[in-house]
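Everything below concerns the one structure shown next.
Since this is a predicted model, take the numbers as computed values, not measurements. Sequential numbering from 1 along the given sequence is applied to the chain's residues.
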Amino acid sequence: MSMDKLWYLSKISIFEALPPEDLEEIDRMAPMTHFNALPKGKMVQTPGEEREGLFFVKKGKLRLYKINPEGKQFTVGILGRGNMFGEIDSFSLGTQGIYIETMEETLICSVLKEHFEKFLSNRPLLAMRFLKELSNRLKDRDELLEKLALGDLREKLLYLVVKLSDEFGVEEGAYRKIDLPLTHQELANMIGATRESVTLVLHELSDEGFVQTSRMSIMVNVTKVDELVRSNEIK
């Protein structure tokens with residue numbers, strides 16, 4: 001195994017405690033398939049066309065979403081570098097029946113389910129870690145869906161930008177910049193709203209000092225948002 005691939009595997013959260021010999025065995029027994037870099041806006045999966053196996057995001061970001069009967073999109077998760085998705089017989093990472101699309105240029109690696117299940121069957125502790133990862137993933141997804149299904153547009157949008165800043169934030173002074181190229185239309189797609197209404201609410205949040213916005217960029221005022229959370233206005 002190349003040092004580059006070994007380093008990458010060691011950075012995937014689910015494998016972080018595995019010794020080097022286990023990582024090398026994964027590569028020997030189930031060589032990873034490296035897809036070509038996928039451009040932004042590329043559909044990786046649609047409902048009913050799920051690929052079997054496990055997939056790891058080596059570079060870039062993916063958006064997971066559903067579409068309601070009215071045709072509106074609702075984001076159920078965003079996966080960044082080191083995150084994984086997929087379905088194998090032993091467990092599912094909750095991506096059945098979901099659209100998956102690249103948010104930026106993205107590189108994905110895959111492992112065949114037969115190879116990985118054989119590897120996992122001899123490592124019960126690693127299997128338990130996968131179950132824990134699945135539980136956390138579903139909990140986060142359910143929490144996101146609940147928040148985006150309730151409340152008014154302001155609450156939905158504020159909750160969304162806070163979650164995005166927690167997961168993809170880069171500290172810049174008193175602010176946390178969301179390290180994602182986000183247009184107002186993309187934010188609207190995430191919560192099933194119109195671009196015009198999202199733009200209006202973002203202006204209000206900016207006037208109140210909760211966020212700073214610029215072209216394709218959003219920065220969250222950490223102190224003000226923390227105060228809002230403590231006041232139980234958002235959770």
task = For the pair Leu62 and Val57, evaluate side-chain contact (heavy atoms from CB on, under 4.5 Å) and give the outcome as yes or no after the intermediate values.
result = CA-CA 8 Å; Leu62 298 172; Val57 181; 3.7 Å; yes
key: From Ile218 atom CD1 to Leu164 atom CG, the distance as rounded to the nearest 0.5 Å   = 8.0 Å
inquiry  = Going by side chain to side chain donor-acceptor pair (under 3.5 Å), name the residues that satisfy it together with Lys40, two or more places apart in sequence or in a different chain.
reply    = Glu186
query = Is Val211 reachable from Val222 through a run of hydrophobic residues whose side-chain heavy atoms are each under 4.5 Å from the next?
reply = no
inquiry  = Main chain of Glu104, side chain of Thr106: is a donor-acceptor contact present, judged purely on distance under 3.5 Å?
reply    = yes
note = Rounded to the nearest 0.5 angstrom, the OH-CG distance for Tyr65 and Asn189 is 8.5 Å
request  = Go through the steps to decide whether Glu208 and Arg154 satisfy the test salt bridge (charged side-chain N to carboxylate O under 4.0 Å, His left out), and finish with yes or no.
outcome  = CA-CA 12 Å; Glu208 295 168 23; Arg154 172 191 166 91; 2.9 Å; yes
ask   = Is there a salt bridge (charged side-chain N to carboxylate O under 4.0 Å, His left out) between Glu105 and Lys59 once you walk through the steps?
value = CA-CA 8 Å; Glu105 185 176 86; Lys59 171 188 173 184; 3.4 Å; yes
key: Minimum heavy-atom distance between Gly97 and Pro47, given as atom pair plus value   = O-CG, 3.6 Å
inquiry  = Please report the interatomic distance CE(Met103) to CG(Leu182), rounded to the nearest 0.5 Å.
reply    = 5.0 Å
ask   = Backbone N or O of Gly41 within a donor-acceptor pair of the Thr102 side chain at under 3.5 Å?
value = yes
Scan the side chains in residues 196-203 for donor-acceptor partners under 3.5 Å anywhere in the protein, sequence neighbours excluded, and list what turns up.
residue: Ser197; atom: OG; partner: Thr194; partner atom: N; Å: 3.4
residue: Ser197; atom: OG; partner: Thr194; partner atom: O; Å: 2.8
residue: Ser197; atom: OG; partner: Thr194; partner atom: OG1; Å: 2.8
residue: Thr199; atom: OG1; partner: His184; partner atom: ND1; Å: 2.7
residue: Thr199; atom: OG1; partner: Arg195; partner atom: O; Å: 3.0

Atom pair CG (Asp179) and NZ (Lys177), whose distance is rounded to the nearest 0.5 Å = 7.0 Å
message = Test of understanding: clusters of I, L, V, M, F, W, Y form through side-chain heavy atoms closer than 4.5 Å, transitively. Do Leu187 and Phe210 belong to the same one?
response = yes
ask   = Rounded to the nearest 0.5 Å, how far apart are CG of Leu157 and CD of Glu204?
value = 10.0 Å
request  = Indicate whether any N or O donor in one side chain lies under 3.5 Å from an N or O acceptor in the other, for Tyr175 and Gln212.
outcome  = yes
task = State, with a plain yes or no, whether a side-chain heavy atom of Ile78 is found less than 4.5 Å away from one of Leu64.
result = no
Ile67 vs Tyr99, side-chain contact (heavy atoms from CB on, under 4.5 Å): CA-CA, chis, key distance, verdict = CA-CA 8 Å; Ile67 298 179; Tyr99 293 87; 3.7 Å; yes
key: N-O pairing of Glu101 and Lys61 below 4.0 Å   = no
ask   = Same cluster for Met219 and Met190 if Ile/Leu/Val/Met/Phe/Trp/Tyr side chains link at under 4.5 Å?
value = no
key: Approximate separation, where rounding is to 0.5 Å, of Phe55 CZ and Ile100 CD1   = 8.5 Å
task = Apply side-chain contact (heavy atoms from CB on, under 4.5 Å) to Phe85 and Leu79, showing your working.
result = CA-CA 8 Å; Phe85 65 94; Leu79 304 182; 3.8 Å; yes
